[in-house]
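Beneath this line is the structure, given in structure tokens, with notes to follow.
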Amino acid sequence: MFEKVLVANRGEIAVRVMRTLREMGIGAVGVYSEADRDTPHVRLADEAHLLGPPAPAESYLNVDRILEVAAKSGAAAIHPGYGFLAENAPFATACEEAGVVFIGPPAAAIEAMGSKTRARELMAEAGVPIVPGTTSPAESVDQAKEQAAEIGYPVACKAAGGGGGKGFRVAASEEELADAFEGASREGEKFFSDPKVYIERYLDDPRHVEVQVLADASGTVIHLGERDCSIQRRHQKLIEEAPAPHVDAEMRERIGGIATDAAAAVDYRSAGTVEGLQVGDDYFFLEMNTRVQVEHCVTEMVTGIDIVREQVRIAAGEDLSISQAEVELRGHAIECRINAEAAHKNFAPAPGPIHSYVEPAGPGVRVDSGLEAGSEVTPLYDPMVAKLIVWDTDRERATARMLRALGEYRIEPLVTLIPFHRAILATEQWARGETCRDLLEDRDWLKSLAPEGTPAPSEGSGDDEESDDGEVTERTYQVEVDGRLHAVRVIGGRDSAPRSAATAARPPARRRPAAGGGTASETGEVLVSPLQGTVLRVAVEQGQEVDQGALVCVIEAMKMENEITAHRSGKVTQLNVAEGASVATGDSLAKIE
Ligand code: MV4
């Protein structure tokens, strides 16, 4: 077994891999960019080496520098995680040439699966069912029209160098084909320097079902069952679960066989995922991901198998530690990706600092994260802060457990997908195991996920996609009133922040985690001051009717203006503040009945 392994990644996946290395008694060599000096993955490493400036090309994608660190540290192998260099065949080859083991599949398997047309060709030859369509790129729009006519509309135009939905366009009829074809081609050129496009039949509302495989050097290939990852937005998976709600034991065995055949056809080794589309009882190969995936954890939870451990063992030449017959699925696991994104603003990235951070815990809860209080989500890297994974005996209980765990999670003042996940998991559609496509495409539903008190998007700004309508942050303070503890959520709208200063420059003062679950914000009729300061302005009068979220007063504290809004709708029966007055944390500002 290796003595030392270099983890060529950052964030949660670097932490995830290092945890297994530690359990295996293997030294973990960490690497970091100048932006990541003070992060958990660096501290968890047994030794850590600077790669270079924050830009990925100069750090986590810098092959020469990574191989130099491997040599200097004496690491015998490199685990690439996902993203960055994980599916880069030249990198796998460069490792081999440098005498370092690449913990992943052979370069030839990465390359074969990297070309989506080549993969389809190989899979068709191996008897793996592929989505009906062509296995070589169309030479021209005219040829694509001929092929599409044969396949039958609607068709999907997909970039040959693509994958994961990049360079994917749908044409409902021949009139739409040229645009779809050219759009897919442009995107293929932009992201993969490959303008080639092929045509597939477009399946309506399929399920994304993928099978985890493991293959060792002696040629044994097994599968660990499937995951359903149908809840996606712009081809980014958001929620994943295992087992898939619409796959029974018979289908599991069938698609497991399809997946192991697919892996065997490219002499696969290591952990990999065969992605496919499920429509009723039909299952079609989509592509193979030749890396450990973000969502591998739900499979770990239902099988009890550490997939990273198997990867390390396989790379060291050891056989798989389990046989197919020993793989047993137990219970149900769900994963929610906790991204710094604003679902109510069309999933716009919402990078920023984290001042207060509390992870959920307790029975059946696993959090894989790479950040902590004091960390910052930078726009340079992936917006995923953490993965929250739960296990329970069945899907319904796992859902309840996930909702409980999401309610415990505090990441302040960052905007994350937590409210989105809580909303989706509470729907009938989720309970019925549907793809929730209707909700994900429903702008009004998504907008309803805005934090309470969010100013309505300004009118007349046209399409609000990625609109910059000001930072809306939410913070929770603990307030004790008459011996009872209350959690008060304070919502800062765009007008509450100093206009000139960047929100990032706010002092991280007095930010406290909430007392309990997400529903403990009621404070009766009394509106209490969440902070100490001076009243700048009073916006209501005694006797006035106010709506929940309406401005009551503005309190200046630490040179910042804080809008205090009505915690409930009602009549202001008591007003205890006046302009210029000093207030202390916990003071009663008003009574709203
Ligand atoms: C498709 C498809 C329909 N027909 N291909 C490809 C990448 C993956 N992220 C989603 N992809 C799709 N490929 C054909 N021929 C529909 C999707 C798709 C999808 C599939 C399952 C569940 C959710 C989805 C959301 C968007 C697109």
Side-chain angles (χ1 to χ4, degrees), residues 82-83 87 113-117 119-120 123-124 128-135 137-138 144 147-148 150-173 176-177 180-181 183-184 187-188 191-192 197-211 226-242 244-247 255 273-280 282-291 293-295 298 335 337 339 343 346-347 420 424 429-430 432-442 446:
Y82 53 71
E87 290 176 282
M113 289 300 184
S115 161
K116 304 306 152 186
T117 42
R120 281 168 60 77
M123 292 306 113
V128 168
I130 58 174
V131 182
T134 61
T135 56
Q147 293 169 341
E150 204 152 308
I151 294 163
Y153 286 94
V155 296
C157 298
K158 294 190 175 184
K166 286 238 169 71
F168 170 44
R169 291 281 201 289
V170 181
S173 64
E176 293 179 14
L177 190 77
F181 185 88
E187 223 166 278
F191 290 106
F192 316 104
V197 169
Y198 66 99
I199 314 292
E200 274 180 13
R201 176 177 300 152
Y202 177 74
L203 308 172
D204 183 44
D205 204 17
R207 306 199 63 94
H208 176 119
V209 173
E210 59 185 34
V211 180
E226 79 290 343
R227 301 184 278 262
D228 188 312
C229 317
S230 298
I231 301 200
Q232 308 180 0
R233 175 72 190 191
R234 282 198 224 113
H235 306 298
Q236 288 296 316
K237 294 166 188 162
L238 300 172
I239 303 176
E240 302 101 343
E241 60 182 317
H246 299 283
V247 171
I255 68 178
T273 301
V274 173
E275 291 194 339
L277 297 179
Q278 178 191 5
V279 182
D282 289 332
Y283 187 74
F284 303 106
F285 172 88
L286 204 51
E287 60 188 70
M288 181 169 186
N289 294 325
T290 56
R291 60 167 192 272
Q293 286 183 295
V294 173
E295 63 271 24
V298 289
E335 171 177 285
R337 297 194 188 190
N339 298 349
N346 207 18
F347 293 85
F420 165 82
I424 279 269
Q429 288 96 319
W430 167 267
R432 289 193 296 257
E434 295 173 6
T435 62
C436 301
R437 194 175 67 165
D438 53 340
L439 294 171
L440 285 151
E441 289 172 0
D442 183 342
L446 291 171

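Order of appearance sets the numbers: ligands from 1, and atoms from 1 within every ligand.
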### Query
Do Q232 and H208 meet the criterion of a side-chain donor-acceptor pair at a distance under 3.5 Å?
yes

### Message
Please check whether R207 reaches ligand 1 - meaning an N/O of the residue sits under 3.5 Å from an N/O of the ligand, judged on distance alone.
### Response
no

### ligand 1 contact by V131, heavy-atom criterion under 4.0 angstrom
yes

#### Entry: Heavy-atom nearest option to atom 23 (C) of ligand 1, drawn from S230, G163, G164, P154
S230

### Message
Once rounded to the nearest 0.5 Å, what's the spacing between atom CD1 of I130 and atom CE of M123?
### Response
9.5 Å

### Message
Below a 4.0 angstrom heavy-atom separation, can you tell me which part of D204, side chain or backbone, both or neither, approaches ligand 1?
### Response
neither

#### Entry: Set of side chain to side chain donor-acceptor pair (under 3.5 Å) partners for E287, sequence neighbours left out
none

### Distance filter under 4.0 Å to G165 heavy atoms, resulting ligand 1 atoms
7 (C)

### Message
Between ligand 1 and K158, can you find any atom pair, the residue atom being a heavy atom, that is separated by under 4.0 Å?
### Response
yes

### Query
Which bit of H208 is near ligand 1, meaning a heavy atom under 4.0 Å away: side chain, backbone, both or neither?
both

### Message
Among all protein heavy atoms in this structure, tell me which lies nearest to atom 8 (C) of ligand 1, with the distance rounded to 0.1 Å.
### Response
Q232 OE1, 3.8 Å

### Contact summary for Q278 and V247, nearest pair of heavy atoms
OE1-CG2, 3.7 Å

### Message
How far is atom 27 (C) of ligand 1 from the closest protein heavy atom, and which atom is that?
### Response
H235 CE1, 3.5 Å

### Task
Mind listing the closest non-hydrogen atom pair of Q429 and C436 along with its distance?
CB-SG, 3.9 Å

### Task
Would you check if there is a donor-acceptor pair between the side chains of Q293 and R227 at a distance under 3.5 Å?
yes

### Query
Are K237 and E275 close enough for a salt bridge, meaning some N to O gap below 4.0 Å?
yes

### Query
When you measure from atom 17 (C) of ligand 1 to every protein heavy atom, which one gives the shortest distance, and what is it?
F168 CE2, 3.9 Å

#### Entry: Protein contact of atom 4 (N) of ligand 1 - nearest heavy atom, named by residue and atom, plus distance
L203 N, 2.9 Å

### Per-atom contacts of ligand 1 with R201, taking only distances under 4.0 Å to non-hydrogen atoms
4 (N), 14 (C), 15 (N)

### Query
Who pairs with F168 by ring-ring contact (aromatic ring centres under 6.0 Å, His included), at least two apart in sequence or on another chain?
H235

